[in-house]
Amino acid sequence: MSSSSSTLTATQKYAAGALFALALHQAQLHQTHPLGFPSHDDDDDLSEERVSTSSSSDAVSDDPQLWVHQSGGLLRPVFKFLEIDSRAWGALEETVAYSPAKHHVGAFLRLLSEESGNISEETADKELALAAAVDAMCSSMEKSPDDYKSKKEKQHEYENACREKFAPPDKKLESKSKEGNTPNDRRQEINAITSIVEEAPVESMKESDGKPLEEVTMLSYPRKLTVLYELLSACLADTPEDNKKSTRGRKGYDARHRVALRLLATWFDVKWKKMEAIETMIACSVMALLKVDSSKEAAGSPESSWAKWKRGGIIGAAALTGGALMAITGGLAAPAIAAGFGALAPTLGTIIPVIGASGFAAVATAAGSVAGSVAVAASLGAAGAGLTGTKMARRIGDVDEFEFKAIGENHNQGRLGVEISVSGFVFEEEDFVRPWEGQHDNLERYVLQWESKHLIAVSTAIQDYLSSRIAMELMKQGAMMTVLSSLLTALAWPATLLVVTDFIDSKWSIALNRSDKGGKLLAEVLLKGLQGQRPVTLVGFSLGARVIFRCLQILSESEANAGIVERVVLLGAPIAIKDMNWEATRKVVSGRYVNAYSTNDWMLGIAFRANLLTQGLAGIQPVDVPGIENVDVTEVIEGHSSYLWRTQQILEQLELDTYYPVFNRKVVKS
């Protein structure tokens, strides 16, 4: 939908742009004041907070650290795409930056809804068609309950195998008793976890009595989706800038844009999976257009449909060629998506006339084959190796192994969100993959396999220590329960404990060193755009969390890297709390940033004790930095190896697809 074919009036475009600007600024404020935190429930206080202290002026133009500042290149191209009068841009920026959002959201929602009663039949039909297409695409992306339960059963098998090998002796008996559960008991456990996700409320902008704003209920569902579709198109558009003041060097889908759209969808009371369907539709539409375009160019057409599309402002080529793994390069390769897209051809042909229904249908047919997918990828200049073909061995220092592996079913299906998962406590190669296989989302997912030799060595050394006679005796005596408190109060350790742990230290030191170097490599990969210019979610446990943290430290060295990472989850992280500049890493994570810790993970404390005495440790205690969500997972983590089989449950209870925290900062057994 280019701006010229929009169903929105000029007033509605203005309101849509203003709401997006409000959401963008609020998303930046929520970096340090996440929604749902007890001390920041008052939106008035939040909106008055300044993001930057670089200027004492109250003018947005004097504060380049604001996301709504024109130098960031995040907002004005959206205004331009929506054809909002440039004379109004400055006033809109000042309004959203220095006035409470709740004072304006209702007014702009009214502008969107007031003219709805006078829309033409043609406009109404187009918006209904778009809503139907979004719903159809959403349905085609959903996994079946049987598929979900099958994944859960496989995860349970992995858990039992891990418990048998690695769980503390007193917990193996507990695992044995669980293995004796009836199939019905297991189904109840699966359903209990499922219900945690399904029953989470969708938080929209509320009135004082907790009800959604009246203006939200006045907006029709098709109109909400139309606005979101148009705004995403504006975010992806390669709209040329009239001035050279923008410092944003990266085109494509900025993570800050995606977080703002998350918040706006939340205000609209629209489920995020609908927005993911819109992302996939736009990705597939671009592929369709490129296919039609190539045939017209072959026929010597004076002006290609691509030129018309680009002239309209939607998704310029620069947004598409950022990396070999840009999702849309193979967006129609999967037969299921191709078939569903073909069924939507009449609808999409109406929404995007330059392609037409016949064009969509033809592309859906052609792209259902591998050859068709490759042809489209080649037309984008994106037929390279991407993440999965990139081995970074020996690129930095002594790193011997650094390789991405694709997991899940969402590859080559037009996904505009990427997740990279990093294991950091492993005993065999499958432990890089198995902890992440049960995830149930719409992201294109990869795992990072890195330095397996050293990780297996240190994990095995720790496990051997846990199985040693002295460790067993200490556990029987309950001595380990006091280890962490001794660490935190700098008390002297028993000599027997220090002697036994000596043989872990050398392997642990090597693994720490390699994880820091691995973090540099991960940052290099993201900066090169090998994941495509798409928002990235990073999740890791143990030393894998340290890889991610080091990556964030590297990215934080330049403000230009702010739009790459959308969300981060660190679990059982061997990262010191003090003198590590957590605040800087927070700035390069556009959305949620979670630190999951277990207060009884004494093994992590022992391994990391040299740093723990003076600096604290993220994996066993909260990190007191604004904007870091600290989640206590003590109840589900029996020992450090538990992250191998418990990470999946923790991620489900975190519900990352919600804009704000939905838990009471404690994960419990289901």
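Under a cut-off of 6.0 angstrom, the local environment of NZ in K587 is sparse, with at most 12 non-hydrogen atoms contributed by other residues, nucleotides or ligands. The number of heavy atoms from other shown groups lying within 6.0 Å of CG (D624) does not exceed 12.
Using a 4.0 Å cut-off between charged side-chain N and carboxylate O, R534 and E444 make a salt bridge. Salt bridge D657/R262: present, at least one basic N to carboxylate O contact under 4.0 Å. Look at R256 and E566 and you find no salt bridge, because none of the NZ, NE, NH1 or NH2 atoms lies under 4.0 Å from a carboxylate O. Between E629 and R592 there is a salt bridge, since at least one side-chain N of the basic residue sits less than 4.0 Å from a carboxylate O of the acidic one. Taking 4.0 Å as the cut-off between side-chain N and carboxylate O, E419 and R567 do not count as a salt-bridged pair.
Of all heavy-atom pairs spanning I628 and R586, the tightest one is CD1-CD, 4.0 Å. Nearest heavy-atom pair, L570 versus A545, reported as atom, atom and distance to 0.1 Å: CD2-O, 3.6 Å. In plain terms, the two heavy atoms of A234 and F81 that are nearest each other are CB-CD2, 3.3 Å. Across every non-hydrogen atom of R415 and N442, the tightest pair is CD-O, 3.0 Å. Across every non-hydrogen atom of A27 and L263, the tightest pair is N-CD2, 4.2 Å.
Checked by atom type and distance alone, the side chain of Q621 pairs as donor or acceptor with a backbone atom of L617 at under 3.5 Å. Put simply, the side chain of N630 gets close to the backbone of V623: a donor and an acceptor are under 3.5 Å apart. Between the side chain of Q553 and the main chain of G519, no donor-acceptor pair closer than 3.5 Å is present. Checked by atom type and distance alone, the side chain of R514 never pairs as donor or acceptor with a backbone atom of V399 at under 3.5 Å.
Between F541 and W436, the ring centre distance stays below 6.0 Å.
Note: Y659 and H30 have perpendicular aromatic rings, judged against thresholds of 30 and 60 degrees for the angle between ring planes. The aromatic rings of H257 and F20 sit tilted relative to each other, their planes meeting at an angle between 30° and 60°.
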Check the pair D254 / W67 against side chain to side chain contact (heavy atoms under 4.5 Å, CB included), numbers first and verdict last. CA-CA 12 Å; D254 195 288; W67 289 0; over 6 Å; no

For side chain to side chain contact (heavy atoms under 4.5 Å, CB included), just list the numbers for Q31 and L29, CA-CA rounded to whole Å, side-chain angles, deciding distance to a tenth of an Å, and then say yes or no. CA-CA 5 Å; Q31 275 192 311; L29 292 176; over 6 Å; no

Checking side chain to side chain contact (heavy atoms under 4.5 Å, CB included) for the pair E279/R258: CA distance, chi angles, key distance, verdict? CA-CA 10 Å; E279 290 179 339; R258 198 170 199 239; 2.9 Å; yes

Could you give me the CA-CA distance, side-chain angles and deciding distance for F268 and L19, then say whether side chain to side chain contact (heavy atoms under 4.5 Å, CB included) is met? CA-CA 11 Å; F268 280 1; L19 284 168; 4.2 Å; yes

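Side-chain contact between F404 and Q531 is absent, with no heavy atoms from C-beta onward closer than 4.5 Å. Considering only heavy atoms from C-beta on, L555 comes within 4.5 Å of V565 through its side chain. Residues Y14 and L92 are in side-chain contact: their nearest non-hydrogen atoms beyond the backbone lie under 4.5 Å apart. Inter-residue side-chain proximity for V568 and T537 is flagged as unmet; no heavy-atom pair is nearer than 4.5 Å. Using a 4.5 Å cut-off on side-chain heavy atoms (C-beta onward), I575 and W582 make contact. Side-chain contact check for I278 versus T280: every heavy-atom pair is 4.5 Å or farther apart. Counting only heavy atoms from C-beta outward, the side chains of D441 and N410 approach each other to under 4.5 Å. Residues S556 and N561 have side chains not in contact (no heavy-atom distance under 4.5 Å, counting atoms from C-beta outward).
Side chain to side chain, S99 and H104 meet the donor-acceptor criterion of an N or O pair below 3.5 Å.
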